[in-house]
Every structure is written in C-alpha cells, then in structure tokens.
There are 4 protein chains.
Amino acid sequence: MDTENDGAPRGRGRRHGAAPPASERRDALVRLAAGLFAEQGFQATTVRQIADQAGILSGSLYHHFDSKESIVDEILSSFLDDLLRDHRAAVADGGDPRRLLTELIAVAHACLEPHRAAITVLQNDRCYLRRLSRFDYLDRAEREVRRIWTGVLRDGQDRGAFRSDLDPGLTYRTARDAIWATARWYRPDGPLDTGDLARHFTRVLFDGIVPEQHT
Amino acid sequence: MDTENDGAPRGRGRRHGAAPPASERRDALVRLAAGLFAEQGFQATTVRQIADQAGILSGSLYHHFDSKESIVDEILSSFLDDLLRDHRAAVADGGDPRRLLTELIAVAHACLEPHRAAITVLQNDRCYLRRLSRFDYLDRAEREVRRIWTGVLRDGQDRGAFRSDLDPGLTYRTARDAIWATARWYRPDGPLDTGDLARHFTRVLFDGIVPEQHT
Amino acid sequence: MDTENDGAPRGRGRRHGAAPPASERRDALVRLAAGLFAEQGFQATTVRQIADQAGILSGSLYHHFDSKESIVDEILSSFLDDLLRDHRAAVADGGDPRRLLTELIAVAHACLEPHRAAITVLQNDRCYLRRLSRFDYLDRAEREVRRIWTGVLRDGQDRGAFRSDLDPGLTYRTARDAIWATARWYRPDGPLDTGDLARHFTRVLFDGIVPEQHT
Amino acid sequence: MDTENDGAPRGRGRRHGAAPPASERRDALVRLAAGLFAEQGFQATTVRQIADQAGILSGSLYHHFDSKESIVDEILSSFLDDLLRDHRAAVADGGDPRRLLTELIAVAHACLEPHRAAITVLQNDRCYLRRLSRFDYLDRAEREVRRIWTGVLRDGQDRGAFRSDLDPGLTYRTARDAIWATARWYRPDGPLDTGDLARHFTRVLFDGIVPEQHT
DNA sequence: CATGAATGAGTATTCATTCAT
DNA sequence: GATGAATGAATACTCATTCAT
C-alpha cells in the first residue's frame with residue numbers, strides 16, 4: 001500500500017510506515033522542531049518559532065513538510081518505532097522475569113535522551129493528537145507496550161518472582177508514568193545519566209525503599 | 001488604571017489569598033471549566049467551549065471572571081491550598097518516618113478526586129503557566145512539598161527506616177510523578193478508589209514488587 | 001412639540017430643548033461622568049467606570065439615563081446653552097468692537113471652569129459625535145458663535161479698530177482654538193484663574209507680544 | 001519569550017530610534033492608517049477599517065506590523081523626529097529673538113501638511129497614548145520643544161524684543177495650541193497654504209490685531 | 001432603585017497554511 | 001528552496017445595553 005508518490009519532495013499523503021524523504025536540511029528542521037516541541041509543547045509551539053530558529057520564513061517550512069502535524073508525526077513515529085523494536089527484542093527470547101523487567105526498564109530509560117521531545121509531546125499533547133486519525137498508531141503502540149509489560153509481570157507472578165498481590169496493570173501504569181515523567185526534568189548534562197536513573201528505578205521497584213532486615 | 005471594584009461581581013485585581021467572590025453560578029462555571037481543562041488542557045480549551053457548555057455566550061463569562069487565567073487560577077490555588085495544608089498537617093507532629101511517608105502518599109492520593117482537573121492542568125500546562133508571574137505560587141508550593149517529602153525521606157534514612165543508598169530527591173520525584181500521572185487515567189467510577197491506589201502505591205514503594213523471601 | 005413623557009423617570013426620546021428630569025442623584029451622576037469624560041474622552045470612558053465611581057453596577061445607570069450618549073448630550077447641551085446665551089448677551093447692545101471682543105473672550109474663558117468636561121469632549125470626540133444626528137446642534141451652535149465673532153471682527157475692521165489686513169475667519173479660528181485648548185491643561189487650583197487667562201489672552205491678541213515702541 | 005526576528009518582515013521588538021523595515025507596501029499602509037487616525041482618532045479607528053481600505057483582511061496587517069500601536073508609533077515618531085530636528089536647527093545659531101520666533105512658527109506650520117495625521121492623533125489621543133511606556137518619547141519631545149520656545153521668549157524679553165509683562169510659558173502654550181489645532185481644519189487644497197497661515201499667525205502674535213496708531 | 005446575569009456585536013490579535021514570484 | 005504577501009478561521013476579551021428579580 002501507498003506505493004505512489006515515493007521520491008516526491010513533500011510527504012503529502014504519506015502514512016506511517018513509508019519513510020519520509022531524507023535530507024540533511026529536513027532532518028535538521030525536525031530536530032530543531034523537536035527541541036521546541038519538547039520545551040513548549042506541540043500546540044504551544046508555532047511554525048513561526050520553528051522557522052525563526054531555522055533562519056527562514058514560516059511559509060518556507062512547507063517546502064519540506066506538509067504540515068505542522070507531519071513534523072510531529074515524524075518525531076513520534078521514530079520514537080515509537082525504536083521503542084517497539086527494543087521492547088520486542090527485550091522479551092524475544094523469554095527467560096527470567098526479573099531479567100526481562102530490568103531490560104524493559106533499561107529500554108524505556110534509553111529512550112529518554114534520543115527521544116526526549118517525543119516523550120514530552122506525548123505527555124503534554126496526547127489528548128489532542130489522539131483525536132486525529134493520523135495518530136492512531138499512538139494507541140496501537142501503547143497497547144502493545146502494555147501487553148509486553150503486563151505479560152512479563154504476570155509471568156513473574158506465576159513463577160513467584162513478583163508478589164502475587166499486585167495488580168499488573170496498575171503496576172505497569174505506575175512504572176510507565178514514573179519513567180516517562182522523567183523526561184520533564186531530565187537534563188543530559190546533569191550529574192546522572194539515564195543508566196543511573198534506570199538502576200535507581202529498578203532497585204526501588206524491585207525491593208522498595210525499606211531495608212530488607214527492617215520488616 | 002484599573003479602578004477598584006467594591007462589591008462588583010468580577011474578581012478584578014484580587015490576589016492569591018483573598019477569597020474569590022462566592023456565587024453558586026460562579027462555582028458551577030469553575031467546575032465546568034475544570035472538567036474541560038482536565039480533558040483538553042488549559043491552552044487547548046477555549047472560552048467558547050466553556051461558555052457553550054454553560055449555555056451562555058463566551059463574552060458572558062467575563063461577567064464572572066476577569067480572564068481565562070483567573071479561572072484556572074482559582075482551580076489551581078484551591079488545589080495547592082489543600083495540598084499544602086494537608087502536607088503540613090501530615091508532618092506537623094513528626095514521628096515514625098514510615099508512618100509519615102504513608103500519610104504523605106495518602107494525602108496526595110486524596111487530592112486525585114477533588115482536584116483531578118488542577119493536577120492534570122499542572123502536568124499539561126505547567127511550562128506555560130509558570131511563565132506568568134501571577135502563577136509564581138506554583139513553584140513556591142512545589143518547593144515546599146519537595147522539602148517536606150525529602151525531609152521525611154532523609155530522616156527515615158538517618159533512622160534506618162529507609163535504605164541509605166537511595167537519592168531522596170530522585171525518589172521524591174519518582175513518587176510524585178507516578179502519583180500525579182494517575183490523574184490522567186483515574187476515573188472515580190472505576191473499580192478502584194483512591195485509597196486502594198494509595199495502598200498499592202505504598203506497598204510497591206516500601207517493599208518493591210519482589211517477594212521478601214526471594215532475595 | 002414633545003409634550004408627552006414629561007415627568008417620566010427616564011429621558012427616553014427626549015430632544016435637546018426639553019429639560020431632562022431633574023434629580024440630585026442624576027445630577028451627581030452627570031457630574032461624575034463629566035469628570036471621567038474630561039479626563040479620558042467620551043469614547044474611552046466606559047459606563048462601567050462611571051458606575052464604579054458612583055458605587056453602583058453599570059446596568060443600574062440605565063435607570064437614570066437612556067444611554068451613554070444621553071449623558072454626554074446633557075453635558076454638551078448645557079455648555080452650549082450657556083455659551084450661546086452669553087455670546088448673544090455680550091453683543092446684544094452692540095457698541096465698541098474692542099469692548100465687544102474683550103467681552104467675547106471673557107465669556108469663552110468663563111466657560112473653562114464650569115464646562116471643562118464639555119469643552120474637552122468636544123475637542124477629543126467631536127469628529128465622532130457629529131456623525132450622530134442627535135448632536136446636530138453642535139454644528140449649529142458653532143456656526144452661530146462663529147457668526148458673532150466674525151461679525152464683531154469685521155465691524156471692528158470697518159471702524160478701524162482692528163487691522164484690515166487680517167482674515168476674520170482665520171483670526172476667529174485661531175482665537176477659538178487657543179482658548180478651548182486651554183481646557184486640556186487648565187487646573188482650577190493652579191496659580192492663574194480664568195480671568196487672568198482671559199486678560200493675558202486679550203492683551204496678546206490685541207497688541208501682540210512686541211512692545212509698541214519697538215516697531 | 002519573544003524570539004528575535006532576524007530578517008523577518010514584522011517590526012517586533014524594535015525601539016524608537018531603530019529604523020523600521022522599509023517596504024513600499026508597508027509605507028502605503030502607514031499612510032493609509034495615518035489618514036484614518038487623523039479623521040477618526042487612533043482609538044476610534046479599527047484595524048479592520050485600515051485593512052478594508054487597503055483591500056486586505058485585518059489579520060493580514062499583522063504581516064507588516066506588530067500591533068496597531070506600532071503603526072501609530074511610526075507615524076508619531078516620524079513627526080517628532082522632524083519637529084525636533086527643525087526646532088534645534090532653527091535656534092542653533094542663536095540671533096535676533098524675533099527672527100528665531102518667526103522661524104519656530106514657520107517650522108511648526110511646515111509640519112501641518114506632512115504630519116497632519118500625527119498632529120491630529122496627538123491632540124485627540126494623547127491622554128491615552130501617554131499612559132503607555134512605549135510612548136514616553138512624546139512627553140520628552142514636548143518638554144524639549146517647550147524649552148526651546150520659552151528660551152527664545154525669555155531671551156527676547158531680556159533684550160526688549162518682547163513685552164516683559166507676558167508669561168513665557170503661557171504664551172508658548174497659547175501659540176502651540178493655536179498652531180496645532182489648525183491641523184483639525186486645515187486642508188492642503190484650500191485657498192491658503194501653510195506659509196500663509198504662518199505669516200498670518202506671526203503677524204497677530206507679534207503685533208496683535210489692533211492697528212499701531214490706534215493705541 | 002438596584003442587582004446579577006446575560007446578550008450581541010464588536011475589538012485586536014494569532015497562526016497554520018497557500019501561492020505567485 | 002526561499003520570499004513576501006496574503007487568507008480565513010480562530011482566539012481572548014470588551015462593552016453598551018437589557019431585563020427578570
């Protein structure tokens with residue numbers, strides 16, 4: 001599907017799945033827009049701000065992109081492509097639930113740096129974007145990620161690796177929210193890298209904040 | 001050049017702290033706006049949508065409020081007033097850090113239902129609102145809440161109630177984000193009430209998801 | 001004409017000539033509005049400002065007045081009634097042109113204090129008001145005043161009292177503008193009263209600023 | 001949070017002194033707006049009227065200007081730049097007070113035609129504009145002009161060129177008001193040009209309307 | 001007489017997008 | 001590829017006025 005229009009300069013009519021026409025200029029614009037979206041939110045960022053920062057006029061952006069939405073589409077789909085790929089890979093071979101969950105946490109944290117903008121946009125503007133059919137893939141991806149996490153959690157409960165009195169769906173949502181919310185304040189040049197954050201989070205999630213001998 | 005408004009119904013010139021002029025109609029409008037802000041975000045909600053849902057014209061809203069901002073101000077300051085009051089009360093008498101932290105978690109979860117709109121707005125539109133000097137109290141409140149949580153956490157570490165290898169600031173942020181993010185999906189008519197959520201969250205935070213005999 | 005409706009509380013449909021229903025409250029409101037119109041201009045003053053300063057709600061003003069225009073109508077027609085009456089009286093008995101002109105200058109200056117608001121409104125908002133047929137009397141009054149002044153000036157030229165090389169219309173306009181513009185900066189509590197201003201102006205107009213022996 | 005606009009057509013963030021981005025279209029719009037401001041006043045003129053007369057939509061004006069205020073700013077600052085420059089030049093070399101004052105009167109009248117709109121706006125809307133800090137330069141310019149006129153007048157009094165019983169400040173204000181008020185009725189296509197007006201005014205101001213032998 | 005709630009037509013301004021040059 | 005000028009629909013907000021209570 002969607003074979004026509006390949007190689008055309010604009011992304012008109014393109015759907016998620018067909019790669020957008022690559023170009024250095026275009027990539028730079030996407031990165032630039034991503035930064036603004038992350039700082040201010042998608043809706044709150046104007047195409048003029050993007051154009052201003054690129055040193056061109058706002059109308060000129062439309063030589064590279066169909067619309068403001070198509071820019072954010074590129075940012076979001078790239079994030080979700082990576083996220084899903086790494087999630088699937090993490091659980092592909094099955095194995096110890098603790099190891100798998102540790103891996104999923106690491107995978108999510110690993111997205112914080114390269115995909116900070118996408119994560120921020122999803123948190124701030126998801127309720128707006130999901131109303132547009134073009135972004136149906138957002139919910140599809142979320143559902144698959146949820147299935148993977150809750151699968152691992154349930155499997156761990158069955159095998160006795162995780163407490164059986166926990167609600168897997170609730171636990172997943174708590175973990176997911178805590179991780180993605182990090183994007184709001186995480187700064188790559190701070191004292192902690194995303195690996196540190198993942199390790200800290202894993203420890204708290206697995207063993208809690210209470211020392212073991214205490215209970 | 002704003003003239004004072006003795007007895008006038010609009011909230012012109014009021015500051016945070018002075019009670020807004022009470023009125024049933026006004027309260028109903030605030031609740032109505034809160035619902036829309038929570039669903040769509042503050043910026044994405046138009047005064048016309050609020051007025052439409054109230055069955056009046058958008059200009060008529062300004063009989064009751066100065067501005068769209070003053071509506072959200074009322075919603076947010078009411079939330080933060082409650083939140084700070086309950087936080088201060090929770091730690092007022094000091095005592096066992098585990099009990100205090102349990103209490104803080106309960107206090108935060110107790111806000112999920114009455115202040116869902118405010119919490120959602122703060123997550124979606126904080127980066128916009130904090131630029132307005134009128135909302136300086138947002139950061140002030142956040143700092144005080146953070147001080148209270150990290151104080152309890154540090155005290156617990158000193159007394160051996162909490163693991164000493166955790167970063168109190170990081171732990172606070174993780175907990176905070178996980179709790180407030182709940183407002184995005186929590187529905188009062190669902191199977192779980194906010195007490196259940198608080199208990200679930202407390203258990204995971206204290207003891208982790210791994211059964212004790214496991215490690 | 002216009003005999004019906006006398007004694008009715010509101011001025012509805014009333015035309016210039018029929019006295020508005022007197023009332024202390026009403027007069028106080030007119031004076032109050034006059035002050036605001038003088039400070040800010042008619043268009044720039046809102047009925048809410050008037051009501052605020054009267055300590056009532058803006059809607060309540062409409063128990064006393066038909067409209068904002070009817071308030072300014074009262075202010076303006078009162079001024080022009082006085083101005084025309086005094087102009088007519090000043091030239092009624094004819095006589096020495098210098099004396100008559102001195103008298104006209106005095107009459108105009110005498111209006112500065114009691115009718116400062118009307119004069120200011122006429123300068124700031126005349127181009128707006130004259131488009132409304134209700135204010136046709138503004139131009140009628142201006143024409144009569146001009147006739148009186150230029151009559152005196154021409155008569156003075158004929159009799160050798162005023163230089164014959166001056167354009168009476170131009171001289172009238174210059175004098176008129178200089179006098180009315182005074183309303184913009186004149187303050188009753190300043191060091192000069194309107195009599196001083198009239199004398200200063202008369203001297204400059206009659207003899208110029210150059211000492212006589214100089215030329 | 002306004003981003004800089006390198007090369008962008010709008011005048012965003014410019015200050016008085018920095019030349020606005022020149023453009024034929026833009027200049028035409030300014031002239032067009034000036035005409036409307038002069039006829040109706042600044043506040044009473046809507047951006048829609050300006051746009052209508054330019055044959056574009058009101059929003060399209062904002063491609064060229066930041067705001068309605070920035071349009072009038074351009075009109076006013078252009079006038080005051082010229083006025084101050086010519087005033088300074090007129091008195092730069094000092095000399096006979098009568099010659100200097102004649103020159104100042106000529107300079108002011110010479111502004112009537114090219115800057116009629118600015119003069120009219122200043123008379124009608126000054127009390128509104130001066131409240132905006134952006135227009136602080138209005139008062140600064142007025143003060144300098146006043147200093148120049150009263151300096152010449154006082155100097156003339158000292159040298160016996162002007163009557164010593166006149167109040168220089170009062171005389172300045174009278175002259176200023178009479179000259180600027182001319183802008184309200186002066187039409188370039190009338191029988192008198194601004195030179196005629198200046199000469200007429202100079203004669204009345206210097207020698208009065210009474211023939212010399214008369215007194 | 002006054003209030004409180006509303007109307008309706010208007011205001012300046014914003015912004016994604018289009019398109020001839 | 002970019003510009004410069006525009007569109008059109010939306011935005012928050014204002015204000016004179018009305019009227020049931």
Side-chain angles (χ1 to χ4, degrees), chain A residues 9-10 23 25-26 29 43-51 54-71, chain B residues 7-10 21 23-26 29 43-51 54-71, chain C residues 9-10 23 25-26 29 43-51 54-71, chain D residues 7-10 21 23-26 29 43-51 54-71:
Chain A
R10 295 209 201 177
S23 136
R25 187 92 178 96
R26 188 189 162 91
L29 290 170
Q43 290 186 90
T45 300
T46 71
V47 294
R48 257 203 71 183
Q49 290 173 323
I50 302 171
I56 58 177
L57 290 179
S58 62
S60 306
L61 275 179
Y62 290 80
H63 285 284
H64 303 278
F65 306 98
D66 258 22
S67 65
K68 195 183 160 190
E69 275 166 24
S70 79
I71 304 179
Chain B
R10 289 212 212 175
S23 139
E24 274 185 43
R25 186 85 180 102
R26 188 187 164 93
L29 290 170
Q43 289 187 91
T45 301
T46 69
V47 293
R48 262 200 62 181
Q49 290 172 325
I50 301 172
I56 58 177
L57 291 176
S58 66
S60 305
L61 275 178
Y62 291 80
H63 180 63
H64 303 277
F65 306 99
D66 259 22
S67 64
K68 195 182 157 189
E69 275 169 24
S70 80
I71 305 179
Chain C
R10 297 209 200 176
S23 137
R25 187 92 178 96
R26 188 188 163 91
L29 290 170
Q43 290 186 92
T45 301
T46 70
V47 295
R48 257 203 72 183
Q49 290 173 323
I50 302 171
I56 59 178
L57 290 178
S58 62
S60 306
L61 275 179
Y62 289 80
H63 285 285
H64 303 279
F65 306 98
D66 260 22
S67 65
K68 195 183 162 190
E69 276 166 22
S70 79
I71 304 178
Chain D
R10 289 215 212 173
S23 138
E24 274 186 45
R25 188 83 179 101
R26 187 189 165 93
L29 291 170
Q43 289 188 92
T45 301
T46 69
V47 293
R48 263 199 62 181
Q49 289 173 325
I50 302 171
I56 58 176
L57 291 177
S58 65
S60 304
L61 276 178
Y62 290 80
H63 179 64
H64 303 276
F65 306 99
D66 258 23
S67 65
K68 195 182 157 189
E69 274 168 25
S70 79
I71 304 179

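What's counted below: heavy atoms across the whole structure, side chains too, no hydrogens, waters or symmetry copies. Letters A, B, ... mirror the listed sequences (proteins, then strands); counts begin at 1.
- Put simply, CD1 on B:I50 and NZ on B:K68 are 7.0 Å apart, with the number rounded to the nearest 0.5 Å.
- When all heavy atoms are compared, the tightest approach of D:Q43 to C:A44 is NE2-CB, 3.7 Å.
- Straight-line distance from the CZ atom of B:F65 to the P atom of E:dG4: 15 Å, rounded to whole Å.
- For D:H64 and F:dG4, the shortest distance from a side-chain N or O to OP1 or OP2 is not below 4.0 Å.
- The distance from the NE2 atom of C:H63 to the CZ atom of C:R26 is 13.5 Å, given to the nearest 0.5 Å.
- B:L57 comes within 4.0 angstrom of a base, heavy atoms only.
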Please list each protein N or O that sits under 3.5 Å from an N or O in nucleotides 11-13 of chain E, with the distance.
unit_1: E:dA12; atom_1: OP1; unit_2: D:T45; atom_2: O; d: 3.4
unit_1: E:dA12; atom_1: OP1; unit_2: D:V47; atom_2: N; d: 3.1
unit_1: E:dA12; atom_1: OP1; unit_2: D:K68; atom_2: NZ; d: 3.3
unit_1: E:dA12; atom_1: OP2; unit_2: D:V47; atom_2: N; d: 3.1
unit_1: E:dT13; atom_1: OP2; unit_2: D:Y62; atom_2: OH; d: 2.2
unit_1: E:dT13; atom_1: OP2; unit_2: D:K68; atom_2: N; d: 2.8
unit_1: E:dT13; atom_1: O5'; unit_2: D:Y62; atom_2: OH; d: 3.1

> Which is it for A:I56 and A:R25 under the side-chain contact (heavy atoms from CB on, under 4.5 Å) test, yes or no, and what are the steps along the way?
Replying inline: CA-CA 12 Å; A:I56 58 177; A:R25 187 92 178 96; 3.5 Å; yes

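- Whole-Å rounding puts the A:I56 CD1 to F:dT3 P distance at 6 Å.
- If you take CG of B:L61 and P of F:dC15, they are 17 Å apart, rounded to a whole angstrom.
- Position along DNA chain F of the nearest nucleotide to C:S60 versus B:Q49 favours B:Q49 as the more 5'-ward residue.
- With the 3.5 Å cutoff on both pairing distances, Watson-Crick and G-U pairs in DNA chain F assemble into runs of at least 3 at E:2-21 with F:2-21.
- Taking 4.0 angstrom as the limit, D:R25 places a side-chain polar atom (N or O) nearer than this to OP1 or OP2 of F:dA6.
- For A:T45, the side chain to side chain donor-acceptor pair (under 3.5 Å) partners two or more places apart in sequence, or in a different chain, are A:Q40.
- Partners of A:S67 according to the side chain to side chain contact (heavy atoms under 4.5 Å, CB included) rule, which considers only residues two or more places apart in sequence or in another chain, are A:E69, A:S70, A:R134.
- By the side chain to side chain contact (heavy atoms under 4.5 Å, CB included) test, A:S58 pairs with A:V47, A:R48, A:A51, sequence neighbours left out.
- Residue D:H63 places at least one side-chain N or O closer than 4.0 Å to OP1 or OP2 of F:dA5.
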